[in-house]
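Since the structure comes first, as structure tokens, the remarks are kept for the end.
Only a predicted model underlies this, so the values are computations on that prediction, with no experimental measurement involved. Note: hydrogens, waters and symmetry copies are ignored here, and every other heavy atom, side chains too, is used.
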Amino acid sequence: MKQPKLYQLLSSFSKEELRAFSLFLQSPYFTKSEILPRFFDIIKTGHPHFDATKLSKEKIYQKLNLTAPFSEKFINDRSSDLSKLVEEFMAIHQLRKNTNLKNQAFRQSLNRRHLDVLFYKETQKAITALKPKQVQGAKQSLDLWSLKYELFIHPQTKKWTTTTDEAIEMIDHFDEAYIILKLRYGLHHKTRGAIFAKEESSTFLTEILTYAQDSSHPVIQLYALLLATFEEGNLEKKWKIAHDFYLKHFSLLPAEDQHAGLLGLINRGYKIALNGQPAFHSTNLNLYKFGLTKKVLLPNGCLSEQTFKNIALLGSVTKQFDWTKKFIKKYQQYLCPVHHVNIVYLSQAYLAFYSKKFDVCLTWLGKSKRMDLRDKLNFKSLELRCWYEQFATNNKGKRVLLGIINNYEQFLHRNKSDFSSNTIKAYQNFVYLVKRMVQLKHSAILDRRVGKKKIVKEFPKRKLCMSTEWLEEKLAEI
């Protein structure tokens, strides 16, 4: 069941943010209500999962110790009031953490109040602060254009005295931001493959790539090199050129391009590994380690769930078990509180699975808390592989395994509208091939040989498939 908006917002808070919001509620500037701070003190005990059974409206009302009889409307109204204050707190908290955003809001306030001298002074100070950067990324270029444009259109500045060079410089900043953003946008979608899979769908990049070939801008050159890895032939050679360029110019790149460039390299590295070079997983893991060391993978001090899971999986696949244990222990604190527990359990399960401790793996998977659909998809996939490994080794549990497969098929059918068609297809193919292998595993030798050949022929027809390397490995063992 979907959680109320209030709980969804609060579930993303860290312990420090919960304490800060508690102080926020005590300020009469934001609320004069005596009920809301008490209301918050009651519900915050359910952070981060906010279990509905422990936080029923009746229980909350009872703990408020009000004399009037229970009123569902009262609880709904107070939840709405608190939700609005949470939104306000989040906006203010973000403003306080982000110096650039705070300064921008201050300049807008100066402009609105017609404090023209101070507005001009603060805007010039912001421009001066941006200029020393050796390489401008899209954000810096856009910020410079925006600041100069604000001065240009301000009624009290003498725009008729602006020189041609200054006008051209403004346009150059805007063009630079546009080109970098278009290249980054193109890389993101080319990586995903589904949107711009066909060359004729990529014409939107043609003009920009032509310009990029002659550019000496490191950010533009990096994206051009990464996009070149999508061209036919010599993927590994082109990847190496992009990789070496990235490391050589890393210190010059703005933070957002360090991050996007690193993930671009890793995603293309996966392609190489899945094209018959599994040893390349170690290369990808080294890139992740580089990103952790340089804190590129920790924008705003947080590590994304997908990145955490990928690192734990790669560490396990490459059998760097001790390093992976240390990684999970050290970096779990940087995860978002909402999915923190499940991602850690899944990572520990990967570690156990690739250590061939299948009972331990199933134990970790069984500890899962409230899961969203994406979590369930990951857990069910690993659970199926675990049961198959035990079945293949001990020739026991076939009925249980087929039952799990049946449940998995129903889950995919039931939730197909919640995932992309490609995602559903990839998991359906995975389940189908596992099912075929279960039926084949302990059949007669002659039947096994014939059946195995048929499954091998199925692989090219089911290119869109999860865990292909594992499937091929298990099929070879039959």
| Is atom CD of Glu58 surrounded by more than 12 heavy atoms (other residues, nucleotides or ligands) closer than 6.0 Å? | yes
| Taking C-beta and beyond as the side chain, do Arg268 and Leu235 meet within less than 4.5 Å on heavy atoms? | yes
| request: Answer whether the closest heavy-atom distance between the side chains of Glu17 and Met90 falls below 4.5 Å. | output: no
| request: Give a yes or no on whether Lys289 atom NZ has more than 12 heavy-atom contacts from other residues, nucleotides or ligands under 6.0 Å away. | output: yes
| How far apart are the closest heavy atoms of Lys44 and Ser22, and which atoms are they? | NZ-OG, 4.4 Å
| field | Pi-cation contact, Phe411 with Lys380 (under 6.0 Å, within 45°) | value | yes
| query | What do you reckon, are the aromatic ring centroids of Tyr149 and Phe174 less than 6.0 Å apart? | reply | no
| So, Arg184 and Asp257, do they make that salt bridge, N to O below 4.0 Å? | yes
| task | Verify the ring-centre separation between Phe308 and Phe327: is it less than 6.0 angstrom? | result | yes
| query | Any side-chain heavy atom of Lys271 sitting closer than 4.5 Å to one from Asn267? | reply | no
| query | With distance as the sole test, does Gln277 use its side chain to make a donor-acceptor pair with the main-chain N or O of Ile272 at under 3.5 Å? | reply | no
| said: Using 30° and 60° as the class boundaries, would you call the ring planes of Phe290 and Phe250 parallel, tilted or perpendicular? | reply: perpendicular
| query | Do Gln258 and His249 have a side chain donor and acceptor closer than 3.5 Å? | reply | no
| task | Can you see which heavy atom on Pro278 is nearest to which on Glu469, and at what distance? | result | CB-OE1, 4.3 Å
| query | With distance as the sole test, does Asn429 use its side chain to make a donor-acceptor pair with the main-chain N or O of Leu464 at under 3.5 Å? | reply | yes
| task | Ignoring hydrogens and angles, state whether a donor on the side chain of Asn310 or Gln306 is under 3.5 Å from an acceptor on the partner side chain. | result | yes
| request: In sequence, state the C-alpha distance, the side-chain angles, and the governing distance for Ile171 and Trp145, and then conclude on side-chain contact (heavy atoms from CB on, under 4.5 Å). | output: CA-CA 7 Å; Ile171 294 170; Trp145 171 81; over 6 Å; no
| message | Is there a side-chain contact between Leu6 and Phe50 in this structure, where contact means two heavy atoms from C-beta onward sitting under 4.5 Å apart? | response | no
| said: Do Leu142 and Tyr178 have side chains that approach each other closer than 4.5 Å (heavy atoms only, starting at C-beta)? | reply: no
| task | Specify the closest pair of heavy atoms between Ala105 and Leu95, including all atoms of both residues, with the distance to one decimal. | result | CB-CD1, 4.2 Å
| field | Spatial distance of atom CD (Glu88) from atom OG1 (Thr31) [nearest 0.5 Å] | value | 9.5 Å
| task | Please examine the side chains of Arg107 and Asn111, heavy atoms only from C-beta on, and report whether any two atoms are closer than 4.5 Å. | result | no
| Donor on one side chain, acceptor on other, Lys57 and Tyr61, under 3.5 Å | no
| task | Any chance you could measure Phe39, atom CZ, to Ile60, atom CD1, to the nearest 0.5 Å? | result | 4.5 Å
| request: Look up atom CZ in Phe24 and atom OH in Tyr29, then write down how far apart they are to the nearest 0.5 Å. | output: 9.5 Å
| query | Does the side-chain hydrogen bond (donor to acceptor under 3.5 Å, both in side chains) test come out yes or no for Ser420 and Thr423, once each step is laid out? | reply | CA-CA 5 Å; Ser420 71; Thr423 298; 2.8 Å; yes
| query | Should we say atom NZ of Lys238 is surrounded by more than 12 heavy atoms from elsewhere, each under 6.0 Å from it? | reply | yes
| field | Check: Leu183 and Val219 side chains under 4.5 Å, non-hydrogen atoms | value | no
| Side-chain donor/acceptor of Thr229 to backbone N/O of Leu226, under 3.5 Å | yes
| Is Arg374 paired with Glu305 through a side-chain N to carboxylate O contact shorter than 4.0 Å? | no
| message | Looking at every heavy atom in both Leu297 and Leu292, which two are closest together, and how far apart are they? | response | CD1-N, 4.0 Å
| Is any side-chain heavy atom of Gln124 less than 4.5 Å from a side-chain heavy atom of Leu151? | yes
| query | Any side-chain donor-acceptor pair under 3.5 Å between Asp51 and Thr53? | reply | yes
| said: Whether Arg19 engages the ring of Phe21 as a cation-pi pair (distance to the six-membered ring centre under 6.0 angstrom, angle to the ring normal within 45°) should be assessed. | reply: no
| query | Between His47 and Phe13, does the ring centre distance come in under 6.0 Å? | reply | no
| What's the shortest heavy-atom distance between Leu209 and Ala224, and which atoms? | CD2-CA, 4.3 Å
| said: In terms of relative ring orientation, are Phe89 and His93 parallel, tilted or perpendicular, with 30° and 60° separating the classes? | reply: parallel
| query | Any cation-pi pair here, Lys326 with Trp323, using under 6.0 Å and within 45°? | reply | no
| said: Check Glu256 with Lys139, please: is the shortest side-chain N to carboxylate O separation under 4.0 Å? | reply: no
| message | Taking CD in Gln62 as the centre, count heavy atoms belonging to other residues, nucleotides or ligands within less than 6.0 Å. Is the count above 12? | response | no
| field | Spacing of NZ belonging to Lys309 relative to OG belonging to Ser347, to within rounding of 0.5 Å | value | 9.0 Å
| field | Ring centroid separation Phe280 to Trp239 under 6.0 Å | value | yes
| query | Counting distance only, does the side-chain N/O of Ser141 pair as donor-acceptor with the main-chain N or O of Gly137 below 3.5 Å? | reply | yes
| query | Between Lys329 and Gln332, which heavy-atom pair has the shortest distance, and what is it? | reply | CA-NE2, 3.6 Å
| task | Determine, stepwise, if the pair Trp364 / Lys367 fulfils side-chain contact (heavy atoms from CB on, under 4.5 Å). | result | CA-CA 5 Å; Trp364 279 113; Lys367 289 185 176 185; 4.0 Å; yes
| Is it true that Asp77 and Lys73 make a salt bridge, defined as a side-chain N closer than 4.0 Å to a carboxylate O? | yes
| said: Any carboxylate oxygen within less than 4.0 angstrom of a Lys/Arg side-chain nitrogen, looking at Asp81 and Arg78? | reply: yes
| field | SB check Glu87 Lys84 (cutoff 4.0 Å) | value | no
| request: Dump the intermediate steps for side-chain hydrogen bond (donor to acceptor under 3.5 Å, both in side chains) on Thr318 and Tyr354, then the final yes or no. | output: CA-CA 9 Å; Thr318 56; Tyr354 285 97; over 6 Å; no
| query | Ignoring hydrogens and geometry, is there a side-chain-to-backbone donor-acceptor pair from Asn98 to Leu101 under 3.5 Å? | reply | yes
